[in-house]
Structure formats: structure tokens, C-alpha cells
Amino acid sequence: MALLPITVPASLLDDHRLDPEADGWGFRADHVVATATGDTYVLTGLRRYRGHAASSADPAEQNFGYQLITRYGSDEKPTATAVFGQAVPGGSPSAIPEGDATTLAVLPDGAVAVSSKPGSTYLLSPDLDEVLASWPMSWGWETQQSPGDDPFAASTAVTPAGRLLCMTSEYGLSNWAGAHPNIVAISEPGTALGPGRKPVLRAIATLDARTDGQNEADSYAHVRYGDKPVGCDNRPSPSLTEALSELTGTSGSLHGYLDSRMTRPAALGDDLFVVPVFGKTYRSTNRGQEFSFALVDDRGVLKGRLGGLHLCEDSPFTGFDFTVVADPYRARAFHLNRYGLYAWSADGVLRARISTTEKPFKPLVHFALLECTPAGELVLAHRKQHLLLRVPVPQDLNDLAETVEEALKGYRRERTALKRQYAPVNWLWPDSAATLNHL
């Protein structure tokens, strides 16, 4: 196991005179992606809000909201941090607006793709010092896209062969305003995303096919089904909503898949993917509501679901964490929620279930599962202590519980060593060594 502090540039804290012991600030880890050579990119968010800030000229009182990407070298030391989302004090506007549900991907050429809902993608240099390309998509509740929009994807993942597994959004769905993630698409082998190059994405799955409100202006040339852009009735069929309703026998049920949502697809290989789909949420408890981690191949065939989960006892609605991460090099999938850590093989069979009710594994409720590395490690972030725990996954998933237990035991020991090194206050880990780049 390895433990990394999720650091914040000390100079940024100084610019805003942020007092870690004061109220009103927040810090979170959103995503992590690692390279085969051992580099790690960590996406975080840092913000402060105070109701009286608008009338104050004091930097210690003003509101702010940043997204940050920090690169760690193979020696686990931070080497560079990119800051974006808003202008720093005295600086020019950010080239990348703050995004929603932002995730990262490292492309085969080393560039870092930053994608967010509803469909914006930005390419950064490996050293995080330059924005190489931009494909923006405005966010809002408009009924159609903005004239300046040129989106790529709301999320991007890379398969071992370099194919891009993407989630894209559409306008004109059902009676909803705005754009919503609705298409799972894959690029063809040998195509690449880069400055001046936006590969065609072949749609393999539609979440919701209720598109009576669409017209030709709601399609995008790079997202295609057959020989035409996805739009109106030109899309994969049946939809995931229809297929999962039939598979689970919930058609017409209030607790079925009508008005469902999906989150970032994960690659189990070059031709098999996991698509997390969850049913409509209500103001009252949603525990027991339908959800599926659907298995879809690159021809758009629903191969089944990740199995072995109980709608109540394993519900991801508690905590609203539907993230599934996958190891495409070993064909495994993983999920962590408030009830347990789960591991599956590519056939959808549940191979391990580690309950958070068992004493050695109770600390897992404080972690979020962010990604699986090319080396086969699970990467978990502690929500309060802002530490990144890397857990090696054994070849035999029956041994996963033992490995996780050892990692959790080592967590406290390694945390103590890091506290001596960084002297954090209220679990905020300042760093002055990494190069700071304002994008």
C-alpha cells in the first residue's frame, strides 16, 4: 500500500489568507488517474463561501472556487499543480471554467483530458503548464445548444488499445430542459484526440430514447450511429432504460428505470464496458430503488449486469455513490459504497464483498473509490483527512479482504509520518515544492 497527501499550493492559501481552522471553506478529491510509468494526476476542488464576502475587499473574507490538478511523480512527490475555474487575485480569467462532475483521462500521447458535464473537454500538457485544445459546452437550462459550443464528451476513459470510451450529452430529451448525459460511445482503433483532431465517436448505447423534442440542430457531427449523427430516432435501440426494465421486470413501476440517470462508464477491456444506471430519485428515502451496473460490449449489446447486489442491503443510493472503476488489463470491476467494497470479474460474477459492518473494514465508509491504476491498484480518497490510499489488488480476488485489511492497518502508521512532514492543520496539506500553473 502507499499513502499520499492530497496537497494544496501554499501560495494559493496565502493569496486568500485561508485559515484552516476557520469556517466556510471546503476541499474535496474528485478523481484520480495514473499512468503506466507511475505518475498520478489528482483532481480536487477548493472553495470558500461567506455571506458577507461581496462587501469586503479583504482577501481573507472573499469567496473563491478553484479546481486543481496535481501531478505526482513515481516517487509519490507532487511536481506540478494546475489551477483553473476562476481567476486568481490580480490574474487574468481562467482558460477553463469550473466544471460539474469533472473527471480526468491520460491519453496515449501523455496529454491529460479534463472532461465535465454536459460535454466540455480540455487537453492539458503532461506537465500541466499549457492548455493544448478546448472543446467547450455551455452549462444551463437552455432548450438548445449555444452558438459557440463545440463539445467532445462529458467523460472520457482510455482502453488498453487507446480507444476512447465516452459519455456524451443531448438536448431535447423527454420533457427535460438543458443537456443531459445520454449516449455511451467509443472511438475506433487508431484514431486520436488532439489539437485540431476530434475523432468520431460511435454510439453503442442510449440511456433514454424519448426524443420527440429533438430536431437536427440537437445533433453533433462527431457522435454518430451508422453513417449519420446521433439524433431523433437515429440511435442505438433498445435504450438502456428499456433493456434494463425488461431485464429486471420493472417496466411501468415507479421504482423502475423511467427517468433514470447514468454516470461515467468504465472500461473492462477494449470491447466490454460497465455503465452505471440508477433509477429516479425521490425526496424521501431512495434505498431500495433500482440500479444496475450494466455490461455493454462495443457492438452495443447488453451482456447483463454486475451481479450479486441487493437493492437495499447494497444500495449505492445511501451516500449517492454510483462510481464503478475497472481494471481493463485484468478485466475486473470494483465499487465502494456505505455498505461495502465489491469486486467482479468480467463475466459479471461477484467475486468479493467486503462489508463495512465488520470491524476491520468500518473505516471504508470514510473513503471514496476514485479509480484503478494500470498497475492494478485501487485508489481511495479519505473524505475528511484528504489522503490518497493505494491498495494493490491480489491476483485472487478471494484474498482481497486480507489485502484491504492490511492496507487499512498501515494507513494510520503512514498518516503519522506524513503529518510530521507536512504539519497539516485541520487536514489541509500545504505544499510549496510543486510548480504552480494558473491556466
Side-chain angles (χ1 to χ4, degrees), residues 4-33 40-54 56-72 78-105 112-117 120-125 127-132 134 136-139 368 370 381-388 422 424-439:
L4 284 73
I6 306 175
T7 59
V8 180
S11 61
L12 192 63
L13 302 179
D14 292 340
D15 286 343
H16 291 280
R17 301 179 192 171
L18 192 150
D19 179 3
E21 295 185 327
D23 295 329
W25 67 272
F27 184 60
R28 68 183 188 276
D30 291 328
H31 194 219
V32 170
V33 66
T40 302
Y41 294 89
V42 182
L43 172 69
T44 58
L46 176 68
R47 62 174 56 251
R48 181 173 65 196
Y49 177 79
R50 293 177 176 175
H52 60 275
S56 175
D58 184 356
E61 298 295 334
Q62 292 175 345
N63 298 332
F64 62 84
Y66 298 108
Q67 289 184 286
L68 305 91
I69 303 174
T70 299
R71 177 180 178 175
Y72 295 78
T79 61
T81 297
V83 180
F84 56 95
Q86 75 168 57
V88 297
S92 57
S94 175
I96 305 177
E98 186 174 9
D100 179 49
T102 308
T103 56
L104 306 176
V112 180
V114 183
S115 299
S116 61
K117 294 195 305 185
S120 297
T121 300
Y122 299 86
L123 285 191
L124 308 185
S125 61
D127 293 329
L128 304 178
D129 57 355
E130 184 181 1
V131 179
L132 303 176
S134 301
M137 186 175 185
S138 56
W139 179 257
L370 298 185
H382 197 290
R383 293 185 180 92
K384 179 179 178 181
Q385 298 176 357
H386 308 137
L387 290 166
L388 211 62
Y422 284 88
V425 178
N426 203 12
W427 302 111
L428 196 59
W429 304 82
D431 172 70
S432 300
T435 302
L436 182 60
N437 304 307
H438 299 290
L439 302 179

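These numbers come from the heavy atoms of this one structure, side chains and all, not from hydrogens, waters or symmetry mates.
- Going from atom CG of Asp431 over to atom CG of Leu12 covers 12.0 Å, rounded to the nearest 0.5 Å.
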Could you go through the side-chain hydrogen bond (donor to acceptor under 3.5 Å, both in side chains) check for Thr121 and Ser115 one step at a time?
-> CA-CA 4 Å; Thr121 300; Ser115 299; 3.2 Å; yes

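- With hydrogens and angles ignored, the 3.5 Å screen pairs a side-chain donor or acceptor of Ser94 with a backbone N or O of Ile96.
- Considering only heavy atoms from C-beta on, Leu13 comes within 4.5 Å of Leu46 through its side chain.
- No side-chain donor-acceptor contact under 3.5 Å links Arg48 to the backbone of Gly26.
- Not one N or O on the side chain of His386 forms a donor-acceptor pair closer than 3.5 Å with the backbone of Leu428.
- Using a 4.5 Å heavy-atom threshold, the side chains of Val8 and Pro430 count as separate.
- In plain terms, the two heavy atoms of Val425 and Glu21 that are nearest each other are CG1-CG, 3.5 Å.
- Looking at heavy atoms from C-beta onward, Arg47 lies in side-chain contact with Arg28 at the 4.5 angstrom threshold.
- Considering CG of Leu388 and OG1 of Thr40, their distance stands at 7.5 Å, rounded to 0.5 Å.
- Note that CZ of Phe64 and CG of Asp15 are 10.0 Å apart. Values are rounded to the nearest 0.5 Å.
- The line from CZ of Phe27 to CG of Asn426 is 12.5 Å long, rounded to the nearest 0.5 Å.
- Side chains of Tyr41 and Leu128 form a contact here, defined as non-hydrogen atoms less than 4.5 Å apart.
- When all heavy atoms are compared, the tightest approach of Ser432 to Ala10 is OG-CB, 3.4 Å.
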Going through the checks in order, is the side chain to side chain contact (heavy atoms under 4.5 Å, CB included) test met by Leu124 and Val114?
-> CA-CA 8 Å; Leu124 308 185; Val114 183; 3.9 Å; yes

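- Distance CH2/Trp427 to CD1/Ile6: 12.0 Å, rounded to 0.5 Å.
- Within the 4.5 Å cutoff, the side chain of Leu4 has no heavy atoms near those of the Leu387 side chain.
- Within 6.0 Å of CG on Asp100 lie more than 12 heavy atoms contributed by other residues, nucleotides or ligands.
- At a threshold of 4.0 Å, the pair Asp19-Arg17 does not count as salt-bridged, since none of the basic side-chain nitrogens sits closer than that to a carboxylate oxygen.
- In this structure, Leu68 and Leu43 have side chains that are not in contact, with every pair of non-hydrogen atoms separated by 4.5 Å or more.
- Smallest separation of non-hydrogen atoms from Ser120 and Met137: OG-N, 2.7 Å.
- The shortest heavy-atom contact between Pro97 and Tyr122 is CD-OH, 3.2 Å.
- Contact of the Asn63 side chain with the Arg50 side chain is registered, since non-hydrogen atoms from C-beta on lie closer than 4.5 Å.
- Counting only distance, with no hydrogens or angles, the side chain of Ser116 and the backbone of Gly99 share no donor-acceptor pair below 3.5 Å.
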Show the numbers, then the answer: is there a ring-ring contact (aromatic ring centres under 6.0 Å, His included) between His16 and Tyr66?
-> CA-CA 12 Å; His16 291 280; Tyr66 298 108; 5.4 Å; yes

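- Across all their heavy atoms, Asp30 and Gly45 have their closest contact at OD2-N, 4.2 Å.
- Remark: of the listed residues Leu132, Val112, Val131, Leu132 is the sole one forming a side chain to side chain contact (heavy atoms under 4.5 Å, CB included) with Leu123.
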Between Gln67 and Thr44, does a side-chain hydrogen bond (donor to acceptor under 3.5 Å, both in side chains) hold up when you go through it step by step?
-> CA-CA 6 Å; Gln67 289 184 286; Thr44 58; over 6 Å; no

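- With values rounded to the nearest 0.5 angstrom, Thr79 atom OG1 is found 7.5 Å from Asp127 atom CG.
- Side-chain contact between Ile69 and Val42: absent, with no pair of heavy atoms (C-beta onward) separated by less than 4.5 Å.
- Under the 3.5 Å distance criterion, the side-chain polar atoms of Thr81 are left unmatched by any main-chain donor or acceptor of Leu436.
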Let me see the working for Thr7 and Thr70 under side chain to side chain contact (heavy atoms under 4.5 Å, CB included), right down to the final yes or no.
-> CA-CA 8 Å; Thr7 59; Thr70 299; 4.1 Å; yes

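- Remark: side-chain polar atoms of Trp429 are not paired, donor with acceptor, to backbone N or O of Tyr422 under 3.5 angstrom.
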